[in-house]
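Have a look at the structure below before the remarks.
Throughout, a chain's letter reflects where its sequence line sits, starting with A, and its residues are numbered from 1. Heavy-atom basis, side chains included; hydrogens, waters and symmetry copies ignored.
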Amino acid sequence: MDLKITNTLMREKQVFTPIDPSNVRLYVCGPTVYDHAHVGNARPAVVFDVLVRVLRHLYGKDHVTHVANITDIDDKIMIRAKERGVDIETLTGETADIYNADMAAIGVNRPDVQPRATGHVSQMIAMTERLIERGHAYAAEGHVLFNVPSMSDYGQLSRRDRDEMIAGARVDVAPYKRDPADFVLWKPSADDQPGWDSPWGRGRPGWHIECSAMAAEHLGEVFDIHGGGLDLIFPHHENEIAQTRCAFGHARMANYWMHNGFLTAEGEKMSKSLGNFYTVHELLEEWPGEAIRLLLLSAHYRQPLDFSKAGLREAKTQLDRLYRALENSADIPTEQPGLMLKNQNDAAVDIDHPREQYILEALCDDLNTPLAISRLHKLATSLNSDDRANPAIKRTFLQGAELLGILSTTPSEWFQGEVSGISPIEIERLIAARSNARKAKDFAEADRIRDDLKARGIELEDGPSGTTWKRAG
RNA sequence: GGCCCCGUGGCAGAGUGGUUAUGCAGAGGACUGCAAAUCCUUGUACAUCGGUUCGAUUCCGGUCGGGGCCUCCA
């Protein structure tokens, strides 16, 4: 099945054709680690995680290389480290660990390579030297700058030309720049700032060069897909392209550029000054990671998405429904052992040899996750209806959930996990007591037990095969 | 000023030149001692004004409204 993706470079949806099907390569711009990731940072992580799942499905588990960097040298990091009185390595190390834990909690698989900028300074210096040699960069007052006019077709990705950029510039032009549009590849560090020795003195890299250097190091001079947030199109990605193409002399840096839209929080632009941003870390204290993930996937990745508590509540309700379908179809076998889902011993799915493509088809159309989710719901309806449930439907359902990265736990863990204040044994004892009362037609006592448990956060459900319980809420 | 996006039923949110999106919420029904869960039925939406068309929510243009980017930013 063809995968179609919207290529920002062409401004159109295109069929994806990898350079090398045995090694599909993509690079996603990762976080700058100076503070907890907010949900806005989580969106690209989740979106591109789904893309990687689809790519692995199409090309094979071992035929995809996913690189997502961590930016661990940056002025914001320097400032924050100083405020907290810790060294930079401590700050970035801690923050990166929390980031990875938070992403894992919302079902994001670790990239194959997670390069850190500080580990690639020599490559950045080498690339900068190469750009100087080729006449695309120059040193001035301890800085090295990329000379934008030296690249005739600069601006293809963002579709803006040099003159427009200068007209729209909001900052004063540094006096050492040959051209107002030139941007920094290397800048000098003061003695109390972190720095590395270089041919231009002790200094540190500019922002854009790190991604060019790390992508080249781990994926080569030209690769398949480069992703990130919409706001990175200009200047970050434009400048990455300029650096990489001018350093290596290719017509492309990456063949496909994908950009996710922005999030708002409770209908407003997330901003530090309004204090209305949610960090993944704090949300996880109150909500299941899968609810956060499902909400992030509930709108198409290129569309704006409002992240709200009401939205989380609905995502949670939707997951309840999907887990219920899983529970209700527990006795349906699915054959095809292969990828073992944590879910249930009989529900393994061979993700490399799928038969049903109902969900995959939606995801292959430029990652149409809302459509994929709606199809998952249709399958859930079937699984909940005895007359329509069958192994093929269940396989498709599980495979789709796997591609979306949800339903990664068991229904019992989902519904009953982490109950506090009462033990499962005590609950079972009360259920038995209530069952006896019901047999004796003492419904007043039965209802009393049920209400009592409900007050303690446990809801009972009488099914055809007996009474089950779940955590309320 | 330049570049770009959006406006779908109570809410969220896909999609399509003529056929049910889906979920949540609401209403009715089935099941249940009563609930819960589940299933079935139900609401007949596409900002506005023109144009193209046999036919437009879907294509084109204008208008109104909202949003993003233009070297901090996912």
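Between the side chains of A/Y99 and A/N41, not a single donor N or O lies within less than 3.5 Å of an accepting N or O. A donor atom on one side chain and an acceptor atom on the other are found under 3.5 Å apart for A/E266 and A/Y278. A donor-acceptor contact closer than 3.5 angstrom links the side chains of A/T381 and A/R321.
A donor-acceptor contact shorter than 3.5 Å links the side chain of A/E290 to the backbone of A/L407. A/Y138 places a side-chain N or O within 3.5 Å of a backbone atom of A/R178 that can act as its donor or acceptor partner. No donor-acceptor pair closer than 3.5 Å links the side chain of A/D365 to the backbone N or O of A/N368. Using modelled atom types, no side-chain atom of A/D182 and backbone atom of A/K177 make a donor-acceptor pair closer than 3.5 Å. Of the possible polar contacts, one joining the A/E282 side chain to the A/T279 backbone as a donor-acceptor pair under 3.5 Å is found. Looking only at distances, a side-chain donor or acceptor of A/R11 sits under 3.5 Å from a matching main-chain atom of A/T8.
Mapping A/G463 and A/D306 onto RNA chain B by nearest heavy atom places A/D306 closer to the 5' end of the strand. Sequence order on RNA chain B of the closest nucleotides to A/L305 and A/N328 puts A/L305 first from the 5' end.
Here A/D386 lies out of heavy-atom contact (under 4.0 Å) with every strand. Contacts of A/R434 with the nucleic acid, taken as non-hydrogen atoms under 4.0 Å apart, include base atoms. Residue-level contact check: A/G228 touches the backbone only, with heavy atoms under 4.0 Å from sugar-phosphate atoms and none from bases. The residue A/I233 sits apart from the nucleic acid: no heavy atom pair falls under 4.0 Å. The residue A/K76 sits close only to the backbone: its heavy atoms come under 4.0 Å of sugar-phosphate atoms, none of a base. Residue A/R324 is classed as a sugar-phosphate contact, given heavy-atom separations below 4.0 Å to backbone atoms only. At a threshold of 4.0 angstrom between heavy atoms, the contacts of A/R11 are confined to the sugar-phosphate backbone, with no base atom among them. Looking at heavy-atom distances under 4.0 Å, A/S158 makes contact with sugar-phosphate atoms alone, never a base.
If you check B/G33, B/A37, B/U71 against the side chain of A/F183, the one that comes closest is B/U71.
Under the Watson-Crick and G-U wobble criteria, each requiring two contacts below 3.5 Å, nucleotide B/U57 is left unpaired. Pair assignment for B/U32 gives none, since no Watson-Crick or G-U wobble pairing has each distance under 3.5 Å. In this entry B/U20 has no Watson-Crick or G-U wobble partner, no candidate having both defining distances under 3.5 Å. Pair assignment for B/G7: B/C64, on the basis of Watson-Crick or G-U wobble contacts that are both within less than 3.5 Å. B/C69 is paired with B/G2 under the Watson-Crick or G-U wobble criterion, all donor-acceptor distances under 3.5 Å.
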What does nucleotides 15-31 of chain B look like as a protein-contact string, B for base, S for sugar-phosphate only, - for none, at under 4.0 angstrom between heavy atoms? S-----BSBS-------

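OP1 or OP2 of B/C39 has at least one side-chain nitrogen or oxygen of A/N384 nearer than 4.0 Å. Contact annotation: A/W469 side-chain N/O to B/A36 OP1/OP2 distance is not under 4.0 Å.
Distance CD (A/Q303) to C1' (B/U8): 12 Å, rounded to an integer number of Å. Atom-to-atom, CG of A/N260 to C1' of B/C5 comes out at 14 Å; the value is rounded to the nearest Å. Rounded to whole angstrom, the span from the CE atom of A/M10 across to the P atom of B/C4 amounts to 16 Å. Here the C1' atom of nucleotide B/A74 and the OH atom of A/Y27 are 14 Å apart, to the nearest Å. Spacing between atom CZ of A/F48 and atom C1' of B/A74 amounts to 9 Å, rounded to whole angstrom units. Here B/G13 presents its C1' atom at 17 Å from CG of A/L367, a figure rounded to the nearest Å. Across the protein-nucleic acid pair, A/W207 atom CH2 and B/U71 atom P stand 11 Å apart, rounded to whole Å. Atom pair A/D447:CG and B/A36:P shows a separation of 12 Å (rounding to whole Å applied).
Using atom P as the reference point in both B/C6 and B/U58, the two lie 14 Å apart (nearest Å). Between the C1' atoms of B/G10 and B/C46, the separation comes to 15 Å (whole Å). Between B/G9 and B/G62, the two C1' atoms lie 27 Å apart (nearest whole Å). One C1' atom belongs to B/C40, the other to B/C73, and the distance between them is 50 Å to the nearest Å. Taking atom C1' on both nucleotides, B/G43 is separated from B/C11 by 14 Å, rounded to a whole Å. The separation of B/G65 from B/A47, taken at their C1' atoms, amounts to 8 Å, rounded to a whole angstrom. A distance of about 24 Å separates the C1' atoms of B/C5 and B/G50, rounded to the whole Å. Distance check on atom P: B/A56 versus B/C69 gives 38 Å, rounded to whole Å.
Ion pairing between a basic and an acidic side chain is recognised when a charged N comes within 4.0 Å of a carboxylate O; A/R450 and A/D447 show such pairing. A salt bridge is defined here as a Lys NZ or Arg NE, NH1 or NH2 lying under 4.0 Å from an Asp or Glu carboxylate O, and A/R204 with A/D75 meets this definition. Comment: A/R434 engages A/D462 in a salt bridge, judged by a side-chain N to carboxylate O separation of less than 4.0 angstrom.
Residue A/D462 places a side-chain atom within donor-acceptor reach of the base of B/C34, judged by atom type and a 3.5 Å distance cut-off alone. Side-chain atoms of A/R450 and base atoms of B/A35 include a donor and an acceptor less than 3.5 Å apart.
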Could you run down the sub-3.5 Å N/O contacts of the protein with nucleotides 64-68 of chain B?
none

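Between A/H36 and A/H281, the two ring planes are tilted [angle within 30° to 60°].
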